[in-house]
Amino acid sequence: MEGLFGLLKKYRRRVIIFLIVFASVGVGVYFVTPCLIEQISTLLKGHQLYQTEVAEGFIIRFELALIIAVVAAVFALLFLLLRKRKNIVVIIISSVALFSAGALFSYFLLIPSAVSMLIQLLPYELHIGLSSFVLFCVMMMIVIGVMFEEPLVIYVLYRAGIIKPAFLKSKRKGVYIAVLVLMAVLTPSQDAVTLIIAMVPFVVLYEGALVWIGVLERRKKDG
């Protein structure tokens, strides 16, 4: 316990800032969750959402605010822990931009395709619960948002000396097959065009990361 209290004392300022960000974002988001839920519900075209429990409205609003607050607080914590590193502001901004791009890509393309396919798997009348649908959409947006962080993950691994450009090039086909399988699972569409479109951003991000660290590698050798 003394070690834990000592650690908390050492990073007291960062912990306080983390908690402030977490609490303020959570409270702020809670009051706009009805608008967010209404927007997410538009993805369920031709079907209606149902509240299956008395407290479901409150619970899903609380859970949605909690999830978004955690995501925001994680980005804030990364900045606090790494703020003395070179170019950390650019990296954090890039990370937020990539995550947001992934979430939007999931919202506008992947989720509608996945929902359309999944609700047709069995010929039964659907009564889709509010919480289950909203959490499905939000978690899928988070997963795709994290996957869009691919260039930064590659950059960090390169800077740490764990991977080299040659290694990434040699694993290119394997990565694309893995992405193809993952997209087929996340977006179980029978349309090959939709699946290919879903893969395009990840291919672009991977190739862009290859070019990026290739330039860094050449600069290192020239220097």
- What are the two closest heavy atoms between Tyr155 and Leu216, and how far apart are they? CE1-CD1, 3.6 Å
- Can you list the steps and then say if Arg172 with Glu207 is a side-chain contact (heavy atoms from CB on, under 4.5 Å)? CA-CA 9 Å; Arg172 180 187 277 128; Glu207 294 297 331; 2.7 Å; yes
- Message: Hydrophobic clustering (ILVMFWY, side-chain heavy atoms < 4.5 Å, transitive) - are Leu195 and Val175 grouped together?
- Response: yes
- Query: Please walk me through it: do Val70 and Val25 pass side-chain contact (heavy atoms from CB on, under 4.5 Å)?
  - Reply: CA-CA 9 Å; Val70 168; Val25 172; over 6 Å; no
- Message: Looking at every non-hydrogen atom in both residues, tell me the closest pair between Ser41 and Glu38 and how far apart they are.
- Response: OG-O, 2.5 Å
- Enter the distance from Phe136:CZ to Ile40:CD1 here, rounded to the nearest 0.5 Å. 11.5 Å
- Message: Looking at every non-hydrogen atom in both residues, tell me the closest pair between Leu43 and Cys137 and how far apart they are.
- Response: CD1-SG, 4.1 Å
- Determine, step by step, whether Arg159 and Ile213 satisfy the side-chain contact (heavy atoms from CB on, under 4.5 Å) criterion, reporting the C-alpha distance in whole Å, the side-chain angles of both residues, the deciding distance to 0.1 Å, and the verdict. CA-CA 9 Å; Arg159 283 297 192 186; Ile213 66 171; over 6 Å; no
- Message: When you compare the side chain of Ser113 with that of Met117, does any pair of heavy atoms fall below 4.5 Å?
- Response: no
- Query: Can Val204 be reached from Leu210 by stepping across I, L, V, M, F, W or Y side chains whose heavy atoms are under 4.5 Å apart?
  - Reply: no
- Flag the pair Phe148 / Phe105 as yes when their ring centroid distance falls below 6.0 Å, and as no otherwise. yes
- Message: Show, in sequence, the C-alpha distance, side-chain angles and deciding distance for Ile142 and Met147, and conclude whether the side-chain contact (heavy atoms from CB on, under 4.5 Å) test is met.
- Response: CA-CA 9 Å; Ile142 291 175; Met147 289 179 64; over 6 Å; no
- Query: Which pair of non-hydrogen atoms, one from Tyr30 and one from Thr33, has the smallest distance, and what is that distance?
  - Reply: O-OG1, 2.5 Å
- Message: Testing the 3.5 Å rule here: is there a donor-acceptor pair between the side chains of Glu149 and Ser95?
- Response: yes
- Task: Output the distance between atom OG (Ser131) and atom CD (Glu53), rounded to the nearest 0.5 Å.
- Result: 7.0 Å
- Distance-only donor-acceptor check, side chains Glu56 and Thr52, under 3.5 Å: yes
- Message: So for atom NZ, which belongs to Lys169, do other residues, nucleotides or ligands contribute more than 12 heavy atoms lying within a distance under 6.0 Å?
- Response: no
- If we ignore angles and hydrogens, is there a donor and acceptor under 3.5 Å between the side chains of Tyr107 and Gln39? yes
- Query: Should Tyr176 and Phe202 be marked as a ring pair (Phe, Tyr, Trp, His ring centres under 6.0 Å) after you check the CA-CA gap, both sets of side-chain angles, and the distance that decides it?
  - Reply: CA-CA 8 Å; Tyr176 293 163; Phe202 299 99; over 10 Å; no
- Identify the heavy atoms of Pro112 and Ser106 that sit nearest to each other, and give their distance. CD-O, 4.0 Å
- Do Val89 and Phe79 come within less than 4.5 Å of each other through their side chains, counting heavy atoms only? yes
- Query: Heavy atoms, side chains only, cut-off 4.5 Å: are Val138 and Glu63 in contact?
  - Reply: no
- Item | Co-membership, hydrophobic cluster, residues Ile92 and Val90, 4.5 Å side-chain | no
- Query: Under a 4.5 Å side-chain heavy-atom rule over Ile, Leu, Val, Met, Phe, Trp and Tyr, are Val200 and Leu98 clustered together?
  - Reply: no
- Can you find a heavy atom in the side chain of Ile67 that is under 4.5 Å from one in the side chain of Leu135? yes
- State, yes or no, whether a side-chain contact exists between Val115 and Phe133 at a heavy-atom distance under 4.5 Å. yes
- Query: Any side-chain heavy-atom pair from Tyr206 and Ile154 closer than 4.5 angstrom?
  - Reply: yes
- Given side chains that start at C-beta, do those of Leu44 and His47 come closer than 4.5 Å, heavy atoms only? yes
- Looking at side-chain heavy atoms only, is the closest gap between Phe99 and Val146 below 4.5 Å? yes
- Query: Given the rule that I, L, V, M, F, W and Y join up when any side-chain heavy atoms are under 4.5 Å apart, are Val54 and Leu130 in one cluster?
  - Reply: no
- Task: Work out which heavy atom in Leu110 is nearest to a heavy atom in Ala198; give both atom names and the distance.
- Result: CD2-CB, 3.5 Å
